[in-house]
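Residue numbers begin at 1 in each chain, while the letters A, B, ... track the order of the sequences.
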There are 2 protein chains.
Amino acid sequence: MNTLSYGLLGLLARRESSGYELMLRIQPFWQAKHSQIYPLLSRMEEKALLSSYWVQQSDKPDKKIYAITEAGMDKLREWMHQPIAPSVNKDELSLRTFSLWLSEIGVSVDIYEERRALYVEKKRYYESILDGIPKQKCEFGNKEFSSYILATKALMMAETELKWCDWVLDLLGQHSMAAAGES
Amino acid sequence: MNTLSYGLLGLLARRESSGYELMLRIQPFWQAKHSQIYPLLSRMEEKALLSSYWVQQSDKPDKKIYAITEAGMDKLREWMHQPIAPSVNKDELSLRTFSLWLSEIGVSVDIYEERRALYVEKKRYYESILDGIPKQKCEFGNKEFSSYILATKALMMAETELKWCDWVLDLLGQHSMAAAGES
DNA sequence: ATGACCATGTAATTAGTTACATGATTTG
DNA sequence: CAAATCATGTAACTAATTACATGGTCAT
């Protein structure tokens, strides 16, 4: 049982979902493709941590709905007492930034403008998520509490990254102006 | 050539290093173990992107120093014009937080206290890194500029995560007090 | 003496991506 | 009419981790 499996159990402990839906639901926390999730769900069902049934749909393809079993809930509760691995971040932009001295300023500006737009979008997304969470339920013990603090974190992080992009773009702008003044 | 390889080229474009040192230097941007880096370096040397020589040491084990070749620099410069992949973040704490409603409050407090300590340490680390960068060199075009903006980002992110931990711990504290008042 | 740091490497396994395969419906 | 969304799955490959293997120095 890897971390992703426990993540899927956690999602299914809230509500049953299709593999496709689970793939979408887990994206904010753990980026995994459907080709990794489908075989995992099969193996978890073999171990009786999940059960499933097919739902016929007329307009869309049929779907297989997974639900967590009591054995699955036990596994999930067990996991809650295990040590937590430190986060793994793999950001190509950081590696690229490290070699920025090899780039022209115009190319650099484009890079951070692009990232900036991404974080503006992300910020809007998490703001809308937070709007959808009823605040009176945001207390420890409720499922909404988790969603609330996670969405808040994602929003805070997006805001910080956005601020950083703006700051970098400002530094790059200053440099361009100084270069223009010198010529 | 994967992203990690280009990251290693970027590090070596600044200064030559041993595999062990590269493993340490790349950690802030890309978490990779020595067992992944050593074979990669070998393959990059085979492709003539790197050259190497052994340095005898008396007190410590001998080491193999890698340097980037002109072909390696060309590859690196080429990469600078390629599209940048979005960042991948895999944080077990997020998955765990999602299932927090299954935990007791004491266990939850411990989890965020632990993470808090980690970010306090991280904040201190990046503050010391920033102290070590001469500010007059922090302009676009210098190698120091990259280090400066990357360390600033890491500091900003650590501060945000720290703020979030404090906020969560405050919410958990409020809950404990409310529970005590009710009893 | 126990563990951490330095230093390099390989072998076995698991995790994750890309590509293949299918096919209807909706939106621009 | 092209692209995106919904929906499931497998096959081939690459990336990454864990474990094995060695061995000296230094600090607690």
Side-chain angles (χ1 to χ4, degrees), chain A residues 1-9 11 16-27 29-47 50 52-66 82-92 95 121, chain B residues 1-9 11 16-27 29-47 50 52-66 82-92 95 121:
Chain A
M1 288 281 292
N2 56 21
T3 308
L4 177 57
S5 305
Y6 288 110
L8 294 170
L9 284 180
L11 291 173
E16 52 180 48
S17 290
S18 67
Y20 186 80
E21 202 193 340
L22 286 167
M23 180 268 291
L24 293 176
R25 286 177 70 199
I26 208 158
Q27 291 308 311
F29 317 116
W30 202 277
Q31 290 81 49
K33 318 270 170 181
H34 73 271
S35 52
Q36 190 183 9
I37 288 173
Y38 288 129
L40 250 191
L41 289 170
S42 285
R43 273 184 275 158
M44 287 162 76
E45 194 179 15
E46 272 176 46
K47 289 186 213 159
L50 304 180
S52 72
Y53 60 92
W54 281 92
V55 172
Q56 255 87 41
Q57 295 186 124
S58 46
D59 50 335
K60 296 175 204 173
D62 297 349
K63 58 183 176 182
K64 194 178 185 177
I65 302 292
Y66 284 96
Q82 296 308 121
I84 300 173
S87 74
V88 174
N89 304 99
K90 294 191 174 171
D91 188 9
E92 194 173 330
L95 295 182
E121 209 184 313
Chain B
M1 288 283 292
N2 56 22
T3 309
L4 178 57
S5 305
Y6 288 110
L8 294 170
L9 284 180
L11 292 174
E16 50 180 48
S17 290
S18 66
Y20 186 80
E21 203 193 340
L22 287 167
M23 180 267 292
L24 293 176
R25 287 177 70 198
I26 208 159
Q27 291 307 311
F29 317 115
W30 201 279
Q31 289 82 49
K33 318 271 172 184
H34 72 270
S35 52
Q36 190 184 8
I37 288 173
Y38 288 129
L40 251 190
L41 290 169
S42 285
R43 275 184 274 158
M44 286 162 76
E45 193 179 14
E46 272 176 46
K47 290 187 212 159
L50 304 180
S52 71
Y53 60 93
W54 281 91
V55 172
Q56 256 88 39
Q57 295 186 125
S58 48
D59 50 334
K60 297 173 202 173
D62 297 348
K63 59 184 175 181
K64 193 178 185 175
I65 304 292
Y66 284 96
Q82 295 310 120
I84 300 174
S87 73
V88 174
N89 302 97
K90 295 192 173 171
D91 188 8
E92 193 174 332
L95 295 181
E121 208 184 313

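Rounded to whole Å, atom P of D:dC26 lies 12 Å from atom CD of B:Gln57. Atom CG in A:Leu24 sits about 6 Å away from atom P in D:dC6, given to the nearest Å. Atom pair A:Trp54:CH2 and D:dT8:P shows a separation of 6 Å (rounding to whole Å applied). Between the NZ atom of B:Lys63 and the P atom of D:dT22 there is a distance of 24 Å, given to the nearest Å.
Checked by atom type and distance alone, the side chain of A:Gln31 pairs as donor or acceptor with a backbone atom of B:Asn89 at under 3.5 Å.
Remark: A:Glu92 CD to B:Trp30 CH2 distance equals 6.5 Å, nearest 0.5 Å. The OG atom of B:Ser17 sits 4.0 Å away from atom CZ of B:Arg25, with the distance rounded to the nearest 0.5 Å. To the nearest 0.5 Å, atoms CG (A:Leu95) and CG (B:Leu4) are separated by 8.0 Å. The distance from atom CD1 of A:Ile37 to atom CG of A:Leu22, rounded to the nearest 0.5 Å, is 7.0 Å. B:Leu40 CG to B:Met1 CE: the interatomic distance, rounded to the nearest 0.5 Å, is 8.5 Å. For the atom pair B:Ser5 OG and B:Arg43 CZ, the distance stands at 7.5 Å (nearest 0.5 Å).
Inter-residue side-chain proximity for B:Ile84 and B:Gln82 is flagged as unmet; no heavy-atom pair is nearer than 4.5 Å. Side-chain contact between B:Tyr38 and B:Tyr20 is present, with heavy atoms from C-beta onward closer than 4.5 Å. The closest side-chain heavy-atom distance from A:Gln57 to A:Lys63 is below 4.5 Å.
Here the range on DNA chain C touched by chain A, meaning any atom under 4.0 Å from one of its heavy atoms, is C:dA15 to C:dT25.
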Using atom names, set out every protein N or O paired with an N or O of nucleotides 2-4 of chain D below 3.5 Å, distance rounded to 0.1 Å.
none

Pull out every protein N or O sitting under 3.5 Å from an N or O of nucleotides 10-16 of chain D, one pair per line with the distance.
residue : atom : partner : partner atom : Å
D:dA15  : OP1  : B:Asn2  : ND2          : 3.4
D:dA16  : OP1  : A:Lys90 : NZ           : 3.4
D:dA16  : OP2  : B:Gln36 : NE2          : 2.5
D:dA16  : O5'  : B:Gln36 : NE2          : 3.2

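In this structure B:Ser42 satisfies the side chain to side chain donor-acceptor pair (under 3.5 Å) test with no other residue, sequence neighbours excluded. B:Glu16 pairs by the salt bridge (Lys or Arg N to Asp or Glu O under 4.0 Å) definition with nothing, not counting sequence neighbours.
Rounded to 10°, the helix from C:dA1-D:dT28 to C:dG28-D:dC1 has 60° between the axis fitted to its first five pairs and the one fitted to its last five.
Contact check, A:Lys64 against D:dT8: no side-chain N or O comes under 4.0 Å of OP1 or OP2.
Environment of CD in B:Gln27: crowded, with over 12 heavy atoms of neighbouring residues, nucleotides or ligands closer than 6.0 Å.
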